[in-house]
Each structure stands twice: as C-alpha cells, then as structure tokens.
Amino acid sequence: MEQVSDPKSANGFYVGDRFVEPARNRIAHGEDELTLEPKSMAVLVYLATRAGQVVRSEDILGDLWPDTVVNDGSIYWYIARIRKALGDTPKDQRVIETVPKKGYRLRAPVFADAATSIDSSLGPVSLELASRPGDGLSLGQGLSEQHSLAVLPFVDVSGRDESFCQGLTEELRHVLSRAQGLRVAGHVSTGSIRDRHLDMRVIGRLLNVTHVVDGSVRRDGRRIRVTAQLLDTRDGFQCWSEAYEYQLEDNFRIQQHIARAVSDALRVTLLPTHESDLASGYTRDPDAWEFFMLGRHQWTYRSGRGPEQAIHWFEKALARDPDFALALVGLASSHAVLPWYREVDRERCARTARGAALRALDLSPDLADGHAVLGFIATDYDMDGPAAERALERALALKPSCAQARHWYADLLNALGRHEDALAQAVLAARIEPLSPLFQLRVARILADAERPNEATEAYHRALEMDPFHPVIHALAGIHFLRIGDHERAERRFERWGDLDDALGEGFGITVLRGILDPASRDEAIGRVIGLAGGYGVVPMVKTALLLELGAVDEAADCILRTAEQGHPCLPWVLVMPGIERLANDPRIAGLRRPGSLPRRP
C-alpha cells in the first residue's frame, strides 16, 4: 500500500478512484465534486500518510490537535463524514475499516497522483511469482509485459445499439487476445470501469495495462459510425484514432479493421486469421447475442442463483441460434459449477455440461473456452488429472489470456499439491482480471493452502474490498483468520456470512469461537458446525476446516468421507487444506488420497 508522504505539499492524491485536494478541502469523483469540512480533511490526510496501518483515535487527536480538547466522539463524526465523501459506509468499510478497540485503517489504495505507481491489486506476491525465472509460467508465454491492453466497453451514443456495442467490444477483445506479445485484460475487470471520466492513467493502474482502446458507436439510419482510439495509460496521450462507417450488418468487418489498426499502432502481430475465424464461436443474431451477454453477466458475478439464471439466458440464446458456440460454452460452464451453489443431480450436471462443451468444440474446434470447461469437468467430476491438464493446457495454448482457464488450472494444480505452480497460475489469472473478486479469492485460498498466512491475509482483504456481499468470501476468510489466531476478525467474517446466508443461523461465529477458547463450550460448537445446512458450495470445506480447528478429528474425517460418498467436487481441495495433516493416520482418509494425483472415488 503506497503512502502519501506529504499530501499538503502535493497537488493532491487519490484514494481509490476519488481525487483528494487538501488545499481546497475538495474531493472529486469524475465530474462530481464535494467539499469536506477542514478537520475531517485533516483526519483523511493523516490516514493517507499511514495507509494500510491501524491508527488509534488518541494518536490522531494527539498529533493533529495536541493543545485542544477533542473527544473520541469527534473522531467518529469525522470518520463518518470521510466515509460518506469517499462512497463508503460503516457497514461495508471498503475504504476505512474500524478495528474494534484499536482504531481505524485506510484500506483503499492511495497514490500521490495518476502518474505515480499504485499498489497493484495483486500485491507483491503476484509480481514476484509472475517474473520468477524458471517456473515455466513466465509472462513471456503469451503474456508479455511489453504491451498490455484493455478494451473498454464502447459507448452507445444513439441509445439504440447497446447489443452491437457489446458485441464489437467482445470481438475486438477476442481478436487482440490472439496477438503475439500482447496481454489483454479480461471482460470482468474492464466491464467494471463505469466512470469514463477517470483519468486514463488511473484506469491503467487499476487494470494493470499500458494501453486502453475505447470508442463509441452512433447510428444514422442503416449506417453505423464507429470511432475508436488507442491511449497510452502511462502518460494519457492518444496514440491513434480512427472512424469507420459501414452498413449495420457489417460488424465483423468493422471489428477486423479496428483490430488491425490497433495492432499496427502497438506494433504487434496478430496471429493469421480470416473473417470466418473472427466469427468462430459468435453469432450474427442480435437477440441471441443480447441473451448471451445477460447470461454471461450472471455467470461472471455468480452467487446465489446466478448459475441458474445464467443457464436460463444461455438457453434463450441457443433457442435463437443453436450453433452459437460461445453460448454452448456458457451453458456447459454454468451446469458444471452448479453443484457448488445448489444441491442438484451432479451426474446430470456433468452429462449436460460435457455434451454442451463437446458440441461447442464440434462447431469451433479452436475455441479455448470450450477446452477449458472440459478441463474443469475432468477435474471436478472425473477426477482425471492428466485429462484435465491436457485440456487446460490446450486452452492456454490457444488463448494465453484466457483467465478462466488459468483460474481452473490453478485449482487443478492446487488439488495436486503443487501449490507454487497453482499460485503462479492464479496470479496470472488475477492479473488478466485484476478487478475480479473470485479470482482474487482463489489467490488468497492457495496462499493459505501453501502456508503463506500473511500474504493470504492481504489477498483476502482485497477480495473483500472487491465484493463485500459475497458470502463465500466471508466464509473462507473467517476460516483463515481462525487458523492464524485472529479471533476478532474471524468472528466478524462469520457474522457477515450469517447476514448474507440464512442457513448459517444466528450467533454461529461466537459459538465456534467459544468452542475453540473454552473446552466447556466445545461440544455445543461441534454440534452447530455439524448441523450446517446443505452439502453444496463450500459448506463441506467449511465444516471440515472448523471441525479440525475445534480438535474434532473423528467428526472431520466423517465429514470428508460423506463429501467423498456424495461425489462433491470440493473433495480434492478439502484433502490439501491446512490442518489436514491431523488426519494423516486415519486409514479411511489415506485411502482417498493419492500423492500427486486427484483423490479416489470411494
């Protein structure tokens, strides 16, 4: 976390995407500005000079107003005003965290101005791993840092062509991801940039890219006018711009022209391709495309009933265009992950997912996402490590910037006990999608499994900042804090989990903590954990981890065996989680484990 050494002497500094000008007591966000009362501004500057650190109320008062009587209630009022100005709330605490009985901590990234280096959303571990020589996963393999680029969503000026804009953006991103020596940011992160008034250098820092393509679409009758520009995020200057006019149905031709022009401006070479290749996997039906985009939105931010809603939209897209390969991949992916979210017929999910993925590859054999989902199915359902690795490596050979393939490959490698290789893949996935909370969560979990607790803590914080409403993040973060002995934060995470998931029940967190700290309360805590509802999602992982923390090794072993009997896809990761060594002498668990391989089915 960068700290602002002397904000008062500078022109200002950023807290996240807000620009703070202490000399004017002003905070700007895009075109919106507001004035912050001077003492509140003084507190914000104080926190910014100590970003990432817990600061006590008495230190703030003593350093800022040593000769004035100011009580703790005043600090609370100043913090409330700062939170409101920065778009934060006492409940979310994404910008300023209240640390009970200790003080406050500024959690949002702080940097002096748009041109200075910002704390990467992945932290030091990601940069170290991504550049480590000899790990076989360097950025030179299709993820060169010489040029990195994000394609921002094109703006629909006419208000009638949103679907066309989405399609153009996606096709352009797809083609550029095939360029040699060019890393392209994923759609999750680029789609998160809603404020088009942000300084381009800030966008570059947020997405970790050197260049940005953006543009607009305007319709005039049956003619469509597309303007596009390439900007250097290191200095904000325009490298190239162009305008195109075509008939509305010529969207692939427009995309091809723009992609060639951008690649020429970047001096990178697109892999050989033809218009038929550009259209591979896509659809020319605008309604099918719109349904597909709605489905992918549900898939991308999946929680609760997200996968089921994604299935609904992908099926509607396929009803319009049965040969829409990307919609088939979306359908396959959604069915494949459904057992993580609901209690469903797992065999039926596997059949449906496999059939849709194979059909997509029949239509488009080089569709990287299709190979990736087959790798996921081989991991989660077939427990076939070699087949999974072949499919995922094929996906990455076709599309090195396929973040989902790297995400799933990280899961596979972690389940095989190859934590460092898994972490390298997870980090690369999160670099492609730097604003995805689920990808950041994977980095955190693998760091925890690799026994790197301090780095795992920071990664969990980043995941929580990205999505404070995802119950799984709170659940896994709570377990992590329990393991490292941070009981206060563990209790808060479990309480928040309970707020977001009714299945947990009231007082779950405090009951578990009492059971860990007080032997007399242990049996009650074990009962609450065993009684957790559902065999879906991360529940078996959570139950096993908590039972191990409570010292209930027999109950933990029974939970693992039930997970195996149910064929739950989380079994491989349960068997490599920290604390599992306590069951090393249990022959039932030893019978499931195969060093260097995925576990046996009972």
### Query
Checking side-chain contact (heavy atoms from CB on, under 4.5 Å) for the pair Gln404/Trp299: CA distance, chi angles, key distance, verdict?
CA-CA 12 Å; Gln404 188 64 64; Trp299 157 257; 3.7 Å; yes
### Message
We want to know whether Glu347 and Tyr381 form a side-chain donor-acceptor pair, criterion being a heavy-atom distance below 3.5 angstrom.
### Response
no
### Task
Tell me, please, which residues at least two apart from Phe292 pass ring-ring contact (aromatic ring centres under 6.0 Å, His included).
Trp289, Phe314, Phe324
### Query
At their closest point, which heavy atom of Pro540 faces which heavy atom of Thr544, and how far apart are they?
O-OG1, 2.9 Å
### Task
Give a yes or no answer on whether the side chain of Arg83 reaches the backbone of Ile96 with a donor-acceptor pair at less than 3.5 Å.
yes
### Task
Report the C-alpha distance between Cys402 and Asp369 in whole Å, list the side-chain angles of each, state the deciding distance to 0.1 Å, and finish with yes or no for side-chain contact (heavy atoms from CB on, under 4.5 Å).
CA-CA 7 Å; Cys402 184; Asp369 303 83; 3.9 Å; yes
### Query
Any Lys/Arg nitrogen of Glu458 or Arg452 sitting under 4.0 Å from an Asp/Glu carboxylate oxygen of the other?
no
### Task
Indicate yes or no: at least one non-hydrogen side-chain atom of Arg489 is less than 4.5 angstrom from one of His461.
yes
### Task
Start with the C-alpha distance between Ile446 and Trp573, add both sets of side-chain angles, then the distance that settles side-chain contact (heavy atoms from CB on, under 4.5 Å), and finish with yes or no.
CA-CA 10 Å; Ile446 294 173; Trp573 298 280; over 6 Å; no
### Query
Any Lys/Arg nitrogen of Arg354 or Asp382 sitting under 4.0 Å from an Asp/Glu carboxylate oxygen of the other?
yes
### Query
With the threshold set at 4.0 Å, does a side-chain nitrogen-carboxylate oxygen contact exist between Glu389 and Arg418?
yes
### Query
Are Arg462 and Tyr460 in a cation-pi setup, meaning NZ or CZ lies under 6.0 angstrom from the ring centre and within 45 degrees of the ring axis?
no
### Summary
Residues passing the side-chain contact (heavy atoms from CB on, under 4.5 Å) test with Arg394, sequence neighbours excluded, are Asp366, His371, Leu398
#### Entry: Minimum-distance pair of heavy atoms, taken over all atoms of Phe494 and Ile479
CZ-N, 3.8 Å
### Task
Please lay out, stage by stage, how Leu338 and Ile311 fare under the test side-chain contact (heavy atoms from CB on, under 4.5 Å).
CA-CA 10 Å; Leu338 196 55; Ile311 289 169; 4.3 Å; yes
### Summary
On a heavy-atom basis, the closest approach of Ala185 and Ala150 is CB-CB, 3.9 Å
### Message
Applying the side-chain hydrogen bond (donor to acceptor under 3.5 Å, both in side chains) criterion to Asp411, which one of Arg406, Arg445, Gln425 satisfies it?
### Response
Arg445
### Message
For a quick test of reading the model, state the closest non-hydrogen atom pair linking Gly551 to Arg522 and the distance between them.
### Response
O-NH2, 3.2 Å
